[in-house]
*Asks:* 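The structure that follows is given in the form of structure tokens.
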Amino acid sequence: MVPAVLAHFLRAGTTGCGLGLCVLAWSAPTLAAPEPPNDSASPPGVFSFIEEETVSTAIRREQPISQAPSNVYVITAEDIRQSGAPDVPTILRRIPGLEVMQVTGADFNVSVRGNNQLFANKMLVLVDGRSVYIDVQGFVFWKGLPVTLPEIKQIEVIKGPVAALYGFNAFDGVVNIITKSPEEMKGTTLQAGGGEIGTVSTSAVHAGGAGNLRYRISGGYEQNHQWRDRDELAFRSYKFNSQTDYVLSDRSKASLSGGLVYMNPHDGPMVGAGSSILNPAVKLPYANLSYENQGFFLRTYWNGFFADTAAPSHPLLHDSVTVTDPSGNSELRFRGNTYNVEGQHSTQIGESGRLTYGINYRYNTFSCNCISTYGDEHRLGLYVQGEWAVFPTVNVIGGLRYDLHSQINPTYSPRLAVVYTPIPGHTVRAQASVGYRPPTLFESHQDARITPLVSNPFFPVSNPVLGSRNLQPEEILSYELGYQGWYFRHRVRVRADLFFNRTWDLIGQESTPTVVRTVNSGKTGVYGAEVGVEFQATSWLTGFANYSIQEIEKNTIGHARRGAPQSKVNAGLRGEWENGLSGDIVLHHVGPAQYPIAQSFDIFGVSPGNRADSYTLLNLRTGYRFWEQDAPAGYRQSAEIAVSVFNVLDDHREHPLGDLISRRIMAWLTLRL
């Protein structure tokens, strides 16, 4: 399938091939987005237009969102502040087609368009372009992101594979968390929030500089209790981060950053075999060094993953089975390292073309008493992207990535997109792309045991849970047609998308009476549509609404089986007044879904069933900014108090094995000094 798609993408011709890497003959800059209307002549009292966002993730340089070759949504710093949410996944729920599932007080799973699951592993998550996806296990600690909420400038979310630029793991898409520069955060920002379920969220950020040197230092403490037992901690973390920028010239700078997230405990992640890692001490240190010049960047970083954990069974199976290493030890010790170096250069070709090319090398290591042997892997990726303004109204973006991996055969990840602007303010986008997710070192080397604690004829002895060295990478082929348009002098934006995704070789587990083994499954197809509107109703009232629907066909079997709600509705209103008052209301309605459940629940007669009922999640926030003034250093000082309410309506479960999610009220105080 991939060679045929590749041939179709490159039929226009190439300049040459080497090491399997074909370079497109043409490249081009993105078409400029139309300027919003000039309202300077509008009568008094007429409210302003909505400003179009600038994004950088889709082609790895800045461009108007309407001209991006991918389906991109943006969460702004104002969205984060007004949401009153203590974590990123709660904010991401508003994006149509994005699947957000909270399982415990600490465990979130995030994926796209019918691809969500326990231990979700198909979404690449970046912080300022550095991956925080844990390669060795294929997981993201959403509660352990190395950034505090006040530091976030915007979150760019791409739905659909972007492997042509980002390589492995950009299977479903990319979440890129972009932080504010030291200049944008100048001064000291303090935030403290607390409320029900033992929830505490605090952060402190200080930024400044002298001469060509800029710096930002931040720290945070967070915690909340379990939904199922409000007297027990589900999550507690300590965060420390620092960034130093040195401006070399108007066009170049060097940056050094590093930090540590320490979590103890962390209730989850919950896995398909029905066990949950509970009360681990998880350490996530990192160090990052980068150099940027106009059209060029070079980055190298190290990510660590160190966890000493207990591995009890799921609460429903606590009296029935135990999870251990091959020696019967329930204390598991994870040690993982990722070393990465990458570089990219972009250059203009004539008046209508742009060529971007890059290379990256990654080395992963992994050890645990729950794997058969020490594991390591090498990854080398080469990529090229061309942009070509075929006509003044048509942009063509094509890209190809060639990846070498020490555990699997080489892969090719092409992408082709056409962006058509028939009239200013209205764009139509058509795209096709291919992505891969290789088996993790854990999936290849796993060696654990599930042992019955009570006699059962269907589960008489300890069962090995084994990985496989013969796994193929998961593969996705995605097609999408999208529209984005502005109406009423940039006060209303409408977006609509149709998509079809075909996946192969999804990795799951196959159970027999004597062993649970990691295997590749068959094909799955998901197709659907998304439509949404954002509007500025008055000078003080904005809002949004969107609807998504999807259908899963030719589903796989076993633990790799896809499960997702068929339809979802998101809607929200926000009011901001000149007297400092503000209010935000967001509603999410999620349809019912069925998910695969491990056989051990049926064997021991404790199965909750595989259905998660529909639910409606209503979140509210009201705030009052009671002090503002200009600081001598040129920024705006302020103080704000707020109250937020999560899940105002009924309690609900978002997965059959998940906790019952209930209401949470919090109070917030934010100071910028």
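The figures here come from the full heavy-atom set of this structure, side chains too, leaving out hydrogens, waters and symmetry mates.
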*Asks:* Are side-chain heavy atoms of Leu441 and Glu377 found at a separation under 4.5 Å?
*Replies:*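 Leu441 vs Glu377: side chains touch.
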*Asks:* For Thr300 and Asn340, indicate whether the former's side chain and the latter's backbone hold a donor-acceptor pair under 3.5 Å.
*Replies:*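 Confirmed, Thr300 side chain pairs with Asn340 backbone.
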*Asks:* So, Asn241 and Tyr286: side-chain donor and acceptor under 3.5 Å apart, yes or no?
*Replies:*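 Judged by distance alone, the side chains do pair up.
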*Asks:* Does Glu530 come within less than 4.0 Å of Lys159, counting only side-chain N to carboxylate O?
*Replies:*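 So Glu530 pairs with Lys159 through a salt bridge.
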*Asks:* Within the distance-only criterion (no hydrogens, no angle test), does the side chain of Ser131 pair as donor or acceptor with the backbone N or O of Leu124 below 3.5 angstrom?
*Replies:*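 Side chain of Ser131 to backbone of Leu124, a donor-acceptor pair under 3.5 Å: no, none is there.
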*Asks:* For Asp376, which residues count as a salt bridge (charged side-chain N to carboxylate O under 4.0 Å, His left out) partner, sequence neighbours excluded?
*Replies:* none
*Asks:* Mind checking what makes salt bridge (charged side-chain N to carboxylate O under 4.0 Å, His left out) contact with Glu151, not counting sequence neighbours?
*Replies:*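 Applying salt bridge (charged side-chain N to carboxylate O under 4.0 Å, His left out) to Glu151 gives Arg216.
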*Asks:* How far apart are the C-alpha atoms of Asn176 and Thr57, what are their side-chain angles, what is the distance that settles it, and do they pass the side-chain hydrogen bond (donor to acceptor under 3.5 Å, both in side chains) test?
*Replies:* CA-CA 7 Å; Asn176 188 14; Thr57 307; 3.1 Å; yes
*Asks:* State, with a plain yes or no, whether a side-chain heavy atom of Thr148 is found less than 4.5 Å away from one of Val205.
*Replies:*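 Thr148 reaches Val205 side chain to side chain.
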*Asks:* Classify the ring geometry between His266 and Phe141 as parallel (under 30°), tilted (30 to 60°) or perpendicular (over 60°).
*Replies:*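 Perpendicular, since the angle between the ring planes exceeds 60°.
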*Asks:* Could you give all pairs that pass the salt bridge (charged side-chain N to carboxylate O under 4.0 Å, His left out) test and reach residues 131-148, with sequence neighbours left out?
*Replies:*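 Pairs touching residues 131-148 that pass the test: Asp87-Lys143, Asp135-Arg362, Asp135-Arg379.
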*Asks:* Between the side chain of His314 and the main-chain N/O of Leu657, is any donor-acceptor distance below 3.5 Å?
*Replies:*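 Yes, the answer is positive, given that a donor and an acceptor are paired below the 3.5 Å cut-off.
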*Asks:* Spell out, as yes or no, whether a donor-acceptor pair under 3.5 Å connects the side chain of Glu654 to the backbone of Gln102.
*Replies:*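 Yes, the answer is positive, given that a donor and an acceptor are paired below the 3.5 Å cut-off.
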*Asks:* Mind running side-chain hydrogen bond (donor to acceptor under 3.5 Å, both in side chains) on Arg415 and Gln385 for me, showing each step along the way?
*Replies:* CA-CA 9 Å; Arg415 174 173 74 163; Gln385 175 180 267; 2.8 Å; yes
*Asks:* Do NZ/NE/NH1/NH2 and the carboxylate oxygens of Lys180 and Asp128 come within less than 4.0 Å?
*Replies:* no
*Asks:* Looking at OG of Ser548 and CG of Asn570, how far apart are the two atoms once the value is rounded to the nearest 0.5 Å?
*Replies:*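 The CG atom of Asn570 is 6.5 Å from OG of Ser548, to the nearest 0.5 Å.
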*Asks:* According to ring-ring contact (aromatic ring centres under 6.0 Å, His included), who are the partners of Tyr221, at least two apart in sequence or on a separate chain?
*Replies:* Tyr238
*Asks:* Should Lys253 and Asp245 count as an ion pair when the cut-off is N to O under 4.0 Å?
*Replies:*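 Salt bridge present between Lys253 and Asp245.
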*Asks:* Return the CZ to CD distance between Phe297 and Gln344, rounded to the nearest 0.5 Å.
*Replies:* 4.5 Å
*Asks:* Would you kindly check if the NZ (Lys) or CZ (Arg) of Arg495 is within the cone defined by 45 degrees around the ring axis of Tyr73 and under 6.0 Å from the six-membered ring centre?
*Replies:* yes
*Asks:* I'd like to check the ring-ring contact (aromatic ring centres under 6.0 Å, His included) partners of His588; sequence neighbours left out, ordered by chain and number.
*Replies:* none
*Asks:* Distance-only, no hydrogens or angles: does the Gln472 side chain make a donor-acceptor pair with backbone N or O of Asp505 under 3.5 Å?
*Replies:*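 Here the side-chain-to-backbone pair does not exist.
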*Asks:* Return yes if some donor-acceptor pair links the side-chain N/O of Ser406 with the main-chain N/O of His378 below 3.5 Å, else return no.
*Replies:* yes
*Asks:* Does atom NZ of Lys523 have more than 12 heavy-atom neighbours, drawn from other residues, nucleotides or ligands, at distances under 6.0 Å?
*Replies:*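 No, NZ of Lys523 has 12 or fewer neighbouring heavy atoms, counting only those of other groups under 6.0 Å.
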*Asks:* Considering only heavy atoms from C-beta outward, does the side chain of Trp504 approach that of Leu477 to under 4.5 Å?
*Replies:* yes
*Asks:* Side chains of Leu92 and Ile155, heavy atoms from C-beta outward: is any pair under 4.5 Å?
*Replies:* yes
*Asks:* Is it true that a side-chain atom of Ser83 and a backbone atom of Ala85 form a donor plus acceptor pair closer than 3.5 Å?
*Replies:* yes
*Asks:* For the residue pair Arg562 and Gln117, confirm or rule out a side-chain donor-acceptor distance under 3.5 Å.
*Replies:* yes
*Asks:* What I want to find out is whether Asp497 reaches Arg429 closely enough, with some N-O distance under 4.0 Å, to be called a salt bridge.
*Replies:* yes
*Asks:* Quick one: list whatever passes side chain to side chain contact (heavy atoms under 4.5 Å, CB included) with Arg561, sequence neighbours left out.
*Replies:*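 So Arg561 forms a side chain to side chain contact (heavy atoms under 4.5 Å, CB included) with Asn555, Thr556, Pro596.
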*Asks:* With side-chain contact (heavy atoms from CB on, under 4.5 Å) as the test, would you mind laying out the steps for Leu118 and Tyr595 before giving the verdict?
*Replies:* CA-CA 9 Å; Leu118 293 179; Tyr595 298 93; over 6 Å; no
*Asks:* Measuring from atom CD1 of Ile59 to atom CZ of Arg61, what distance do you get when rounded to the nearest 0.5 angstrom?
*Replies:*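 Spacing of CD1 (Ile59) from CZ (Arg61) equals 4.0 Å.
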*Asks:* Looking at Glu342 and Arg60, does any basic side-chain N land under 4.0 Å from a carboxylate oxygen?
*Replies:*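 Yes, Glu342 and Arg60 are salt-bridged.
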*Asks:* Please tell me whether His445 and Phe366 form a close aromatic pair, meaning their ring centres lie under 6.0 Å apart.
*Replies:* no
*Asks:* How about Asn116 and Ser111: does a side-chain donor come under 3.5 Å of a side-chain acceptor?
*Replies:* no
*Asks:* Relative to the ring of Phe334, is the ring of Phe442 parallel (under 30°), tilted (30 to 60°) or perpendicular (over 60°)?
*Replies:*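 Aromatic pair Phe442/Phe334 classed tilted.
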*Asks:* Give a yes or no answer on whether the side chain of Asn115 reaches the backbone of Lys122 with a donor-acceptor pair at less than 3.5 Å.
*Replies:*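 No.
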*Asks:* Within the 4.5 Å heavy-atom criterion, are Asn169 and Pro438 side-chain neighbours or not?
*Replies:* yes
*Asks:* Got a salt bridge between Lys239 and Glu222, using NZ or NE/NH1/NH2 to carboxylate O under 4.0 Å?
*Replies:* yes
*Asks:* Taking the inter-plane angle between the rings of Phe306 and Trp302 on a 0 to 90° scale, is it parallel (under 30°), tilted (30 to 60°) or perpendicular (over 60°)?
*Replies:*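 Taking Trp302 first and then Phe306, their aromatic rings sit tilted (interplane angle of 30° to 60°).
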*Asks:* When you measure from the centre of the six-membered ring of Phe499, is the NZ or CZ of Arg113 closer than 6.0 Å and no more than 45° off the axis?
*Replies:* yes
*Asks:* Begin with the C-alpha distance, continue with both residues' side-chain angles, and end with the deciding distance and a verdict on side-chain contact (heavy atoms from CB on, under 4.5 Å) for Glu474 and Thr503.
*Replies:* CA-CA 7 Å; Glu474 298 180 329; Thr503 57; over 6 Å; no
*Asks:* Set out, in order, the CA-CA distance, both residues' side-chain angles and the distance that settles side-chain hydrogen bond (donor to acceptor under 3.5 Å, both in side chains) for Glu480 and Asn71, then state yes or no.
*Replies:* CA-CA 9 Å; Glu480 186 171 338; Asn71 187 315; 2.8 Å; yes
*Asks:* Do Tyr436 and Pro473 have side chains that approach each other closer than 4.5 Å (heavy atoms only, starting at C-beta)?
*Replies:*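 Yes, close enough: below the 4.5 Å cut-off.
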*Asks:* Go through the steps to decide whether Asp403 and Arg401 satisfy the test salt bridge (Lys or Arg N to Asp or Glu O under 4.0 Å), and finish with yes or no.
*Replies:* CA-CA 6 Å; Asp403 280 293; Arg401 184 175 176 115; 3.0 Å; yes
*Asks:* Does the Tyr479 side chain pair with the main chain of Ser433, one donor and one acceptor, at a distance under 3.5 Å?
*Replies:*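 Side chain of Tyr479 to backbone of Ser433, a donor-acceptor pair under 3.5 Å: no, none is there.
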*Asks:* Side chains of Val136 and Phe305: closer than 4.5 Å at any heavy-atom pair?
*Replies:* yes
*Asks:* Could you go through Val100 and Asn109, starting from their C-alpha distance and side-chain angles, then the distance that decides it, and tell me whether this counts as side-chain contact (heavy atoms from CB on, under 4.5 Å)?
*Replies:* CA-CA 6 Å; Val100 178; Asn109 293 285; over 6 Å; no
*Asks:* For Gln509 and Glu443, does a side-chain donor sit closer than 3.5 Å to a side-chain acceptor?
*Replies:* no
*Asks:* Is any NZ, NE, NH1 or NH2 atom of the basic residue among Glu475 and Arg437 found under 4.0 Å from an Asp or Glu carboxylate oxygen of the other?
*Replies:* no
*Asks:* Quick one, Val147 and Ile152 - any side-chain contact, counting heavy atoms below 4.5 Å?
*Replies:* yes
*Asks:* Show your reasoning for whether side-chain contact (heavy atoms from CB on, under 4.5 Å) applies to Leu284 and Leu260.
*Replies:* CA-CA 6 Å; Leu284 302 171; Leu260 170 68; 5.7 Å; no
*Asks:* Working to the nearest 0.5 angstrom, can you tell me the gap between Ile371 CD1 and Gln137 CD?
*Replies:*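 Those atoms lie 9.5 Å apart.
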